[in-house]
Amino acid sequence: MTDLIASLRDEARTAPESGIVDVITFGRDCADLIPLWVGEGDLPTPEFITRAAAASLARGETFYTHQRGIPALRQALADYHLRHFGKDWGAERYFVTGSGMQAIQIAVRLVAGSGDEVIYPSPAWPNLPAALQIAGAEAVSVPLVFAAQGWTLDADRVIAAITPRTRAIYLNSPSNPTGWIADRATLETILHEARRRGLWIIADEVYSRFVRGGLTRAPSFIDIAEPDDRILYVNTFSKNWAMTGWRVGWLSAPPEIGQVVENLIQYSTSGVAEFMQHAAHAALTQGEAFLAEETARADLGLEILTTALGDTQRARFTRPGGAFYLFFGIEGEDDSRDLARRIVRETGVGLAPGIAFGAEGEGFLRLCFARSRRDLSTAAARLRDWIAR
Ligand SMILES: Cc1ncc(COP(=O)(O)O)c(C=O)c1O
C-alpha cells in the first residue's frame, strides 16, 4: 500500500470496489456483447422529459436554486404520492436529491454514524452497506432465503438482529437483486417494532412501480405509516423514467426534520440543477404512459428469459414479483464471480455475479431484463445453449 493510500481515513480506504464493476471491467471488450449486468434499461430518456430540461436551459435557469427542490417539483411529488399511494402528506416533506444514491447517503448521515448498526436484508444492492461503512456505521445483514416459492424474509429474524446499537432498519422492496416484495404483514411487523424501540426505517422503494400480475405498485410503508413516523423514504427518477444518467432522486421525510435535511443537502451538492428539476417535473406529471410501456416491455423480457432458462432444467430461479432483475443460479456452479466471467467470455452475455450482493447472493447471477425483445431473445438463446451444452 502506498503512503498516500495508507494515510487516508480507514472507512474510506477500505470501501470495497463494486463486484459488478469488476466483471464489467473484465468483459467490456467481449465481441458482440449484450450487457445485462447493470441496473438500467436500454431506452433513452423520452423526449417530453429532455424537452423540459432544454426549455429550462433556454430560459437561462442556470443559477443556484432552492436546495430542497423547486416548489413546483415538490408539489408534483406530493401529487404523485396522492395519486399512487393515496396519501396527501403535503409538499413540505419532499426533498430533491442528486440521485437515489444521494438520498441514501443523506438518510444514512441523518441517522447512523460511528458505532451504530443498521440492519438490512441480504442479498442487497451493495451501495447500502458501503455507504454505511463509509459513515463508520456497521451494516448488519439478515438473510433473504431462497426456496421453491421464491425469496422470503423472516421478519422475526430482523427483530432478533436488533441490539442496543441498532439505529435503523433499511428495507428495499421490491428488492434489487432478488425481486422479492415485502407483503403488508412484514411491513407492519417491522414498523411496529421500529416504533416500539424508537428506530428509524430507511425505506428504499425505488422499484415500487415495477411490479407484475396486474398491480400498479408494490405494498409500501406509506400504506400503513403516519406522516411523522421515523421513516426516510428514498426514491429516484432513474428507473421509472429511464433517467439513470441524470442523477436525480428524492427523499421523503417528516417535515419536522426539514431544516436538517436541507443542511445536509447544502453541505454536499447544495441542490440539484434547476433544468434537471424541470425534467423531473415532466416525468412525474406526464410519465405514466411511458412507465406502462416500460413495465410491459420488462414483463415480456422476463417471459422470454424464464422460458429459455426453464428449458435447460439446470437453472434455479422463481419469477420475481418486482423490479427488473432475474436472480438465478445454475446447478453445479457455486462461484458466481468465476461463472459470470466464463459466461461473458464464452457467450458475450454480461451478468452481475451474485457475490457482489453479499455472501447470501453467492451461487446466483443477476440479469437485468429491461431491454429490447431482440437483445433478450439473443441473450436467452445463448444462455440456454451454454447451460445445456
Ligand atoms: C435498490 C436501489 N436503491 C437505490 C438506487 C439508486 O438509484 P440512482 O442512484 O440511480 O438514483 C438503486 C440503483 O440501482 C437501487 O437498485
Side-chain angles (χ1 to χ4, degrees), residues 18-21 24 35-45 49 69 73 77 94-108 118 120-132 134 139 141 144 151 153 168-182 201-211 218 220-221 232-252 265 268-269 272-273 276-277 279-280 283-284 287 294 298 320-327 352 354 356-358 360-361 366-371:
S18 161
I20 308 173
V21 174
I24 294 177
L36 307 180
W37 37 32
V38 287
E40 63 183 348
D42 57 353
L43 292 175
T45 307
I49 295 176
L73 179 53
L77 282 164
Y94 297 101
F95 302 85
V96 181
T97 59
S99 74
M101 184 61 227
Q102 198 207 6
I104 290 178
Q105 276 284 358
I106 291 174
V108 165
V118 175
Y120 73 107
S122 176
W125 190 48
N127 290 30
L128 182 268
L132 287 169
I134 292 167
S141 69
L144 275 163
W151 292 87
L153 178 70
I169 298 168
Y170 165 91
L171 200 77
N172 169 219
S173 168
S175 135
N176 171 9
T178 60
W180 166 80
I181 296 183
I201 292 171
I202 301 175
D204 181 337
E205 301 187 351
V206 309
Y207 297 100
S208 69
R209 303 294 307 284
F210 280 90
V211 282
S220 162
F221 277 111
L232 300 165
Y233 298 88
V234 300
N235 219 315
T236 181
F237 291 87
S238 287
K239 315 288 175 177
N240 291 0
W241 296 288
M243 293 175 73
T244 48
W246 291 70
R247 318 310 301 133
V248 53
W250 72 88
L251 181 74
S252 160
I265 293 174
S268 47
T269 58
V272 171
M276 299 218 303
Q277 298 201 45
L284 285 176
E294 264 186 321
F324 43 56
Y325 308 105
L326 185 65
F327 204 52
F357 304 90
E360 296 83 355
R366 189 193 71 175
L367 179 159
C368 173
F369 53 80
R371 292 188 79 88

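As the structure lists them, so they are numbered: ligands from 1, and atoms in each ligand from 1.
- Evaluation of the side-chain contact (heavy atoms from CB on, under 4.5 Å) rule for T45 yields I49, T50, M243, W246 as partners, not counting sequence neighbours.
- Residues meeting the salt bridge (charged side-chain N to carboxylate O under 4.0 Å, His left out) test with R247, sequence neighbours left out: none.
- Residue-level contacts of ligand 1 at the 4.0 Å heavy-atom threshold are S99, G100, M101, I104, W125, N172, N176, D204, V206, Y207, T236, S238, K239, R247.
- Residues passing the side chain to side chain donor-acceptor pair (under 3.5 Å) test with T97, sequence neighbours excluded: none.
- For the pair R366 (side chain) and G354 (backbone), a donor-acceptor distance under 3.5 Å is absent.
- With S141 as reference, S122 is the one residue of P121, S122, P123 to meet the side chain to side chain contact (heavy atoms under 4.5 Å, CB included) rule.
- A heavy-atom distance below 4.5 Å is found between the side chains of P129 and Y120.
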